Amino acid sequence: MASIFTKIINGEIPCFKVAENDTFFAFLDINPLAKGHTLVVPKVEVDYIFDNDAATLSNIMIFSQKVAKAIEAVVPCERIGVAVLGLEVPHTHVHLVPINSIGDLDFRKPRVVLSKEEMAELADKIAAQL
Ligand code: 5GP
């Protein structure tokens, strides 16, 4: 069965898209740790990041770098934290999270609530930087 992220990539489930190329897709996390929390996903569905082929594994970081720079340009922060968990969705994804301190990357902390309008505006602003 297709993962929820494959359904998002295919347009079957809506998302706040930030970027896309032939291989990767980036969109705002629906339940963000911080404003600007973005997920970068390979279009080919592989659960565990280290089961991807070498090209996908290295290129996801190069694509994530572009997206991270765009997030930084829109969301004031010390830097963009990078995390890979994959405990909830079995489709490789890199979390890009604006952070100012170590606690900002604690996935146990309460998530930020943004309206659909705020999410859409944020995604558009990040996309405009790319
Ligand atoms: P992980 O698998 O790395 O533990 O976490 C999965 C992440 O995907 C979570 O941060 C969660 O909020 C996000 N997520 C789960 N379902 C959806 C969805 O349908 N849309 C979006 N945009 N994000 C999702």
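Ligands are counted one by one from 1 in listed order, and the atoms in each one are counted from 1 as well. Fair warning: this is a prediction, and the values are worked out from it, not measured in the lab.
Atom 16 (N) of ligand 1 has its nearest heavy-atom neighbour, among E88, K7, H95, R111, in E88. In the candidate list N31, D29, V41, D29 is nearest to atom 11 (C) of ligand 1, counting heavy atoms.
Using a 4.0 angstrom heavy-atom cutoff, F107 does not count as in contact with ligand 1.
If you number the atoms of ligand 1 from 1 as listed, the ones under 4.0 Å from a heavy atom of F27 come out as 21 (C), 22 (N). In summary, the atoms of ligand 1 found under 4.0 Å from a heavy atom of H93, numbered by their order in the structure, are 1 (P), 2 (O), 3 (O), 5 (O), 6 (C). Remark: ligand 1 atoms within the under-4.0 Å shell around heavy atoms of G86 are 1 (P), 2 (O), 3 (O), 4 (O).
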In sequence, state the C-alpha distance, the side-chain angles, and the governing distance for L28 and L122, and then conclude on side-chain contact (heavy atoms from CB on, under 4.5 Å).
CA-CA 9 Å; L28 296 182; L122 188 56; 4.2 Å; yes

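By the neighbour-count criterion of 12 heavy atoms within 6.0 Å, atom CZ of R111 is densely surrounded, having more than that number from other residues, nucleotides or ligands. For K109, the NZ atom is densely surrounded, since the number of other residues' heavy atoms within 6.0 Å is greater than 12.
At a 3.5 angstrom cut-off on N or O pairs, I30 counts as close to ligand 1. Considering backbone and side-chain N/O of L28, one or more are found under 3.5 Å from N/O of ligand 1.
Salt bridge status for K43 with E20: present, with a side-chain N to carboxylate O gap under 4.0 Å.
Protein heavy atom in closest approach to atom 20 (N) of ligand 1: I8 CD1, 3.5 Å.
One finds the CG atom of N31 at 10.0 Å from the CG atom of L114 (value rounded to the nearest 0.5 Å). A distance of 10.0 Å separates CZ in F5 from CD1 in I13, rounded to the nearest 0.5 Å.
At a heavy-atom cutoff of 4.0 Å, ligand 1 is contacted by no atom of F16, backbone or side chain. Under 4.0 angstrom from ligand 1, there are no non-hydrogen atoms of L33. Contacts with ligand 1 closer than 4.0 Å are made by side-chain heavy atoms of I4 only, the backbone lying farther away.
Ring centroids of H95 and H93 are separated by less than 6.0 Å, placing the two rings close together.
For the residue pair T23 / N59, no side-chain donor-acceptor distance below 3.5 Å is found, with atom types taken as modelled.
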